[in-house]
*Asks:* 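First, the structure itself, so that you have it in front of you.
Because the structure is predicted, anything quoted here is derived from the model rather than measured. Atoms within a ligand are numbered from 1 in the order they appear, just like the ligands themselves.
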Amino acid sequence: MPQYNPPLRDMQFVLHELLHAVDELKLLPAHAEIDEDTINAVLEEGGKFASEVLTPINLSGDQEGCTLDKATHEVKAPKGFKEAYAQYVEGGWPALSCDPEFGGQGLPVLLNQFMYEMMNSANQAWTMYPGLSHGAYEALHAHGTPEQKTTYLPKLTSGVWTGTMCLTEPHCGTDLGLLRAKAEPQADGTYKITGQKIFISAGEHDLAENIIHLVLARLPDAPQGSKGISLFVVPKFNVKADGSLGERNPVYCGGLEHKMGIHGNATAQIVLDGAVGTLVGQPNKGLQAMFVMMNAARLGVGNQSLGLTEVAYQNAVVYAKDRIQMRALSGPKSPDKPADPIIVHPDVRKMLLTARAFAEGGRALSAYTALQLDKALSSDDADERKACEDEVALLTPIIKAFISDNAWIATSHCMQVFGGHGYIHEWGMEQFVRDSRINMTYEGTNTVQSLDLLGRKILGNNGATLKKFGKKIAEFVEEEGTSEAMQEFINPLADIGDKVTKLTTEIGMKAFQNPDEVGAAAVDYLRVVGHLCFAYMWARMAKLALEKKDSGDPFYTAKLSTARFYFAKLLPETASLIRTARAGLSPLMEMDEALF
Ligand SMILES: Cc1cc2nc3c(=O)[nH]c(=O)nc-3n(C[C@H](O)[C@H](O)[C@H](O)COP(=O)(O)OP(=O)(O)OC[C@H]3O[C@@H](n4cnc5c(N)ncnc54)[C@H](O)[C@@H]3O)c2cc1C
């Protein structure tokens, strides 16, 4: 069975040395009291919960999956999931970064980010139950009426109830403008909602006493397309005025999907048969309200992918040091043994270092973004709030798509380190690959993320936000430009920065002629910008490692070697990506559709 050791040392490095998180957070009125000891203590306890409670039920949860009782429409999560969830609630974990007004602990989003990374490493399928609830909490917190907030937020904060997001229907996924679920206004101000939703994560289960569905549906007079969608809150059990549970609402699980991975999470077909709901936000403005949840979920998917990259790496390293096969090409490294451990072979090291560089780079970028999110939420300076909000919006599709694409590569490499054993279930490596695959698809496919990045977030505002982010990178390049030791990191960082500027302008010009050029370049483009972000993080981490490499702490020696690996072996991928992005539309569109 795979093992998991929370990477607390690297988390503390990112928090305290790279980001100076305590100093930054203390400037925000909501976090003026935060201190390093509190952060470290929460991470340590959270790590124990992840590795001691969630890891042991990951492999078994995958094997057992969820079961639906067709007569009652009730779903049972795999053995141990309910007990682990009770422990999670008992420990107060759901409330970590929630608003104290509703019973939350008011700790920074940044801390929640690390907590979720550890839980995702330990058990992605289980972690989706609280993960979606937190998204529902955020959407209701931002857009709910005072009554909805009082009714739902305390229970979502404590975790006694969980939440879902119900967008997808059989005929509509990416294009939500096509959705058909209907909401009929009632005399008492509520709505009766009818329709079918599919692929609803954590849509039905036995972990919590109530499930709060956030459902997109159309009002009778709604305009066609995405401008006619409204958001409703639909509880599994109606809630009485005193907060206790009332009648069962007709919102049922009609079936469970049989799927490639995340077997422990119930992916439910949800039937709404005149279910009672209340409107969240303005009529026909449901997509805007739902975007709060969708953006949180997109960052969450990046975090799922980071977690899987880390755990796959850890297990592959243990195996590579233990498994002996063949001799090193340069001669025996363990002459006392009949063969050398496979970690002596250059390509095994390449696979391990790829996963390590993706995990540590992803951790740095995700934490950086979470800190910007804390500032966007809590700064008392409106300009700072806006600047941070824009930066988070820019980085969200990169985190979702780049880190999930990387996780697919990394988990597959780590499985390969195990040779044929990696393909066998009991080692747990093939589960990491299967679990990671969905992260490239749900929450808007990675293609859709790339269109959002290039079309909306970059070309949509003439590159203004990208330029602001680029300015931070240019300042760092300027500061370190004269340092001899930093040249190996600063030169390629400056170079990729220039190339992104040129590539953006070139695609922008082509898009004036034909908007399809954006679609032809976007996926390659996102990966190039993802590398720009990683190169920035890795160069900053390399600087710290260089400063402390003689301290005797091997952590910095390893950090420096991983930075060198990243710049020498992973960043150069951008050369071919830029070439394929520049190759443009015609090779894709030349062939007549009939010839496919
Ligand atoms: C396990 C699982 C869990 C899920 N959980 C939830 C959930 O909790 N709630 C929920 O509402 N949904 C959920 N989903 C649904 C998921 O978000 C959708 O599957 C996803 O958004 C894609 O929609 P689709 O499957 O309909 O594919 P389609 O939209 O039909 O897309 C098919 C292909 O066409 C591409 N495509 C579509 N439009 C464009 C375009 N304009 N340009 C380029 N390419 C395009 C897509 O990238 C994709 O490759 C889940 C799905 C799965 C499998």
*Asks:* Under 6.0 Å between ring centres: does that hold for H531 and F402?
*Replies:*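 Distance test on ring centres: under 6.0 Å, yes.
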*Asks:* Around atom 53 (C) of ligand 1, find the nearest protein heavy atom and jot down its residue, atom name and distance.
*Replies:*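 The closest one turns out to be I438 CD1, 3.4 Å.
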*Asks:* Distance below 4.0 Å between atom 50 (C) of ligand 1 and any protein heavy atom?
*Replies:*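 Flag for atom 50 (C) of ligand 1 set to true, protein heavy atom closer than 4.0 Å.
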*Asks:* Quick check on atom 44 (N) of ligand 1 - does any protein heavy atom sit closer than 4.0 Å to it?
*Replies:*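 Given the 4.0 Å limit, the answer for atom 44 (N) of ligand 1 is yes, a protein heavy atom qualifies.
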*Asks:* Under 4.5 Å between any side-chain heavy atoms of K197 and L179, yes or no?
*Replies:*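 Counting from C-beta outward, K197 and L179 do come under 4.5 Å.
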*Asks:* May I ask you to check if ligand 1 and S201 share an N or O to N or O distance below 3.5 Å?
*Replies:*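 Yes - when backbone and side-chain N and O of S201 are compared with those of ligand 1, one distance drops under 3.5 Å.
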*Asks:* Among all protein non-hydrogen atoms, which one is nearest to atom 24 (P) of ligand 1, and what is the separation to 0.1 Å?
*Replies:*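 Protein heavy atom with the smallest distance to atom 24 (P) of ligand 1: G173 CA, 3.9 Å.
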*Asks:* Could you tell me the residue and atom name of the protein heavy atom closest to atom 21 (O) of ligand 1, and the distance to it rounded to 0.1 Å?
*Replies:*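 Among all protein heavy atoms, the one nearest atom 21 (O) of ligand 1 is G444 N, 3.8 Å.
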*Asks:* Heavy-atom pairs closer than 4.0 Å: do any link ligand 1 to the side chain of T447, the backbone, both, or neither?
*Replies:*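 Near ligand 1, T447 shows its side chain, while the N, CA, C and O stay back.
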*Asks:* What are the two closest heavy atoms between A297 and M165, and how far apart are they?
*Replies:*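 Shortest heavy-atom contact: CB-SD, 4.4 Å.
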*Asks:* Would you mind checking which non-hydrogen protein atom is closest to atom 7 (C) of ligand 1, with the distance to 0.1 Å?
*Replies:*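 The answer is F199 O, 3.2 Å.
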*Asks:* Check whether more than 12 heavy atoms from other residues, nucleotides or ligands sit under 6.0 Å from atom NZ of K182, and answer yes or no.
*Replies:*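 Not buried by this count: 12 neighbours or fewer within 6.0 Å.
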*Asks:* Could you give the side-chain donor-acceptor pairs of residues 267-292 under 3.5 Å, partners two or more places apart or in another chain?
*Replies:*
unit_1, atom_1, unit_2, atom_2, d
T267, OG1, K259, NZ, 2.9
Q269, NE2, E257, OE2, 3.1
T278, OG1, Q148, NE2, 2.9

*Asks:* Of all the heavy-atom pairs spanning A77 and L207, show the shortest one and how long it is.
*Replies:*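 The answer is CB-CD1, 3.6 Å.
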*Asks:* Within the structure, does T441 bring an N/O atom to less than 3.5 angstrom of an N/O atom in ligand 1?
*Replies:*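 No, there is no polar N/O contact under 3.5 Å.
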*Asks:* Can you report which non-hydrogen protein atom sits closest to atom 28 (P) of ligand 1, along with the distance?
*Replies:*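 For this ligand atom, the closest protein heavy atom is T174 OG1, 3.7 Å.
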*Asks:* Counting both backbone and side chain atoms, is some N or O of M165 under 3.5 Å from an N or O of ligand 1?
*Replies:*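 M165 vs ligand 1: N/O contact under 3.5 Å present.
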*Asks:* Once you round to the nearest 0.5 Å, how far does CG of L526 lie from CG of L451?
*Replies:*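 The CG atom of L526 sits 10.0 Å away from the CG atom of L451.
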*Asks:* Identify the protein heavy atom lying closest to atom 2 (C) of ligand 1, giving its residue, its atom name and the separation to 0.1 Å.
*Replies:*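 Closest protein heavy atom to atom 2 (C) of ligand 1: Y442 CD2, 3.8 Å.
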*Asks:* Scan residues 125-137 for pairs that pass side chain to side chain donor-acceptor pair (under 3.5 Å), counting only residues two or more places apart or in two chains.
*Replies:*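 Non-adjacent pairs meeting side chain to side chain donor-acceptor pair (under 3.5 Å): H134-E138.
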*Asks:* For atom 26 (O) of ligand 1, is the nearest protein heavy atom closer than 4.0 Å?
*Replies:*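 Yes; the ligand atom in question has protein heavy-atom contact below 4.0 Å.
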*Asks:* Compare T445, L451, D516 and give the one whose heavy atom is closest to atom 46 (C) of ligand 1.
*Replies:*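 Ranked by closest heavy atom to atom 46 (C) of ligand 1, first place is T445.
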*Asks:* Are the side chains of L373 and L299 in contact, using a 4.5 Å heavy-atom criterion?
*Replies:*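 A side-chain contact under 4.5 Å exists here.
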*Asks:* I need the atoms of ligand 1 closer than 4.0 Å to a non-hydrogen atom of I200, numbered in the order shown.
*Replies:*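 Near I200, meaning under 4.0 Å from one of its heavy atoms, ligand 1 has 7 (C), 8 (O), 9 (N), 10 (C), 11 (O).
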*Asks:* Heavy atom under 4.0 Å from ligand 1: found in L167's side chain, backbone, both, or neither?
*Replies:*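 Both backbone and side chain.
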*Asks:* Hey, does T168 come in under 3.5 Å of ligand 1, counting only N/O atoms on both sides?
*Replies:*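 It does: an N or O of T168 is found under 3.5 Å from an N or O of ligand 1.
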*Asks:* Looking at E443, which atoms of ligand 1 are within less than 4.0 Å of one of its heavy atoms?
*Replies:*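 Every atom of ligand 1 under 4.0 Å from some heavy atom of E443: 17 (O).
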*Asks:* Closer than 3.5 angstrom, by distance alone: can the side chain of H205 be matched with the main-chain N or O of V75 as a donor-acceptor pair?
*Replies:*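 It does not hold such a pair.
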*Asks:* Any protein heavy-atom neighbour for atom 32 (C) of ligand 1 (distance below 4.0 angstrom)?
*Replies:*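 Within 4.0 Å: no protein heavy atom nearby.
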*Asks:* Quick one: closest heavy-atom pair of A410 and T309, and the distance?
*Replies:*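 Heavy atoms of A410 and T309 come nearest at CB-CG2, 3.6 Å.
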